[in-house]
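To start, the structure itself, in structure tokens.
Values below: all heavy atoms of this structure, side chains included; hydrogens, waters and symmetry mates excluded. So you know, we letter chains A, B, ... as the sequences are listed, proteins then strands, and number each from 1.
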2 protein chains.
Amino acid sequence: MNDVMARIEILKLVAHPARIAILEELSKGVKCVTDLQDFIEISQSNISQHLSALRHAGVIDYFVDGRLRCYFLKNPFVLDLLGTIRKDYPAALEGPECCPVTKKGKYPGKRKN
Amino acid sequence: MNDVMARIEILKLVAHPARIAILEELSKGVKCVTDLQDFIEISQSNISQHLSALRHAGVIDYFVDGRLRCYFLKNPFVLDLLGTIRKDYPAALEGPECCPVTKKGKYPGKRKN
DNA sequence: TTATAATATTAGAGAAATAGAATATAATAG
DNA sequence: CTATTATATTCTATTTCTCTAATATTATAA
């Protein structure tokens with residue numbers, strides 16, 4: 001239950017274009033910050049801020065190489081999410097069967113919209 | 001690419017405890033608003049607001065049954081997400097191999113933290 | 001040492017999300 | 001009709017997020 005809350009926190013973090021871009025880069029392999037700057041056109045300090053947030057949430061981690069920080073993806077849930085985000089899906093799920101029963105009522109069959 | 005932006009918008013919506021609760025209920029079957037109120041302890045108007053947001057994003061849809069609105073899950077991406085959120089994962093991904101090469105440097109092997 | 005390169009931190013303004021309160025709508029029952 | 005039930009909408013204060021700008025830190029190179 002509380003575990004789901006942790007997952008929600010991570011979802012929130014991942015649900016951001018720049019952070020998705022960072023994470024997709026990292027999913028290909030270790031990258032230092034300068035490497036990331038070549039791929040993502042946002043400011044250095046903003047990249048650092050995103051990296052910091054992702055690290056505090058346990059999504060990524062880094063090695064130190066001199067003055068470089070070499071970041072990598074750590075969280076398997078997030079790796080799975082990244083796959084899901086790029087996956088193809090049918091336009092919509094099959095609608096529910098004709099006359100579904102809810103607690104309050106039994107839908108008679110007419111569809112709004 | 002732009003498709004990814006749409007997915008990110010949906011991720012943002014899903015990344016909320018009440019909306020996850022609503023979606024998990026709907027993933028089990030059609031539910032009208034009163035049914036949902038029994039499961040989720042937030043105000044009626046707030047539930048309506050969440051349902052409205054989810055519907056505008058194409059995540060859910062509804063049938064009309066008299067004065068009831070019977071909501072159901074429509075978006076297959078979201079159904080997949082719900083599964084992922086409840087899935088078990090190893091604590092962490094295997095770290096990258098010892099001396100990964102980044103554009104700027106080759107990590108010598110020492111790990112921070 | 002001093003300069004520079006790589007990265008992080010802090011502060012703050014502006015934007016967006018959230019929830020509560022009050023009110024509106026719409027359908028049915030009486 | 002009128003009351004009631006089911007649900008939606010609007011307004012709004014508050015909180016949270018996001019980015020920019022400026023500055024700090026740290027390691028290496030010169």
Check your understanding: What string of B, S and - do you get for nucleotides 18-24 of chain D 5' to 3' if you count protein non-hydrogen atoms under 4.0 Å?
Key -> SBBBB--

Contact check, side chains of [X] and [Y], non-hydrogen atoms, under 4.5 Å:
X: B:R7; Y: A:Y89; value: yes
X: A:H50; Y: A:I47; value: no
X: A:I60; Y: A:I22; value: no
X: A:L93; Y: B:N75; value: no
X: A:L13; Y: A:V78; value: no

Review point. Can a donor-acceptor pair under 3.5 Å be found between the side-chain atoms of A:R67 and the base atoms of D:dA27?
Key: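 For A:R67, whose side chain was compared with the base of D:dA27, there is a donor-acceptor pair (under 3.5 Å).
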
In whole angstroms, how far is the [atom2] atom of [N] from the [atom1] atom of [X]?
X: B:L68; N: C:dT28; atom1: CG; atom2: P; value: 9 Å
X: A:K31; N: C:dA6; atom1: NZ; atom2: C1'; value: 17 Å
X: A:I8; N: C:dA17; atom1: CD1; atom2: C1'; value: 15 Å
X: A:Q37; N: C:dA5; atom1: CD; atom2: P; value: 13 Å
X: A:L11; N: D:dC17; atom1: CG; atom2: P; value: 14 Å
X: B:I22; N: C:dA19; atom1: CD1; atom2: C1'; value: 13 Å
X: A:F63; N: D:dA27; atom1: CZ; atom2: P; value: 18 Å
X: B:R69; N: D:dA8; atom1: CZ; atom2: C1'; value: 7 Å

Point to revise | Donor-acceptor contact below 3.5 Å, side chain A:S48 vs main chain A:S45 | key: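 Such a contact is absent between A:S48 side chain and A:S45 backbone.
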
Check your understanding: For B:Y71 and D:dA8, is the shortest distance between a side-chain N/O and OP1 or OP2 below 4.0 Å?
Key ->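 For B:Y71, the contact criterion (side-chain N or O under 4.0 Å from OP1 or OP2 of D:dA8) is met.
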
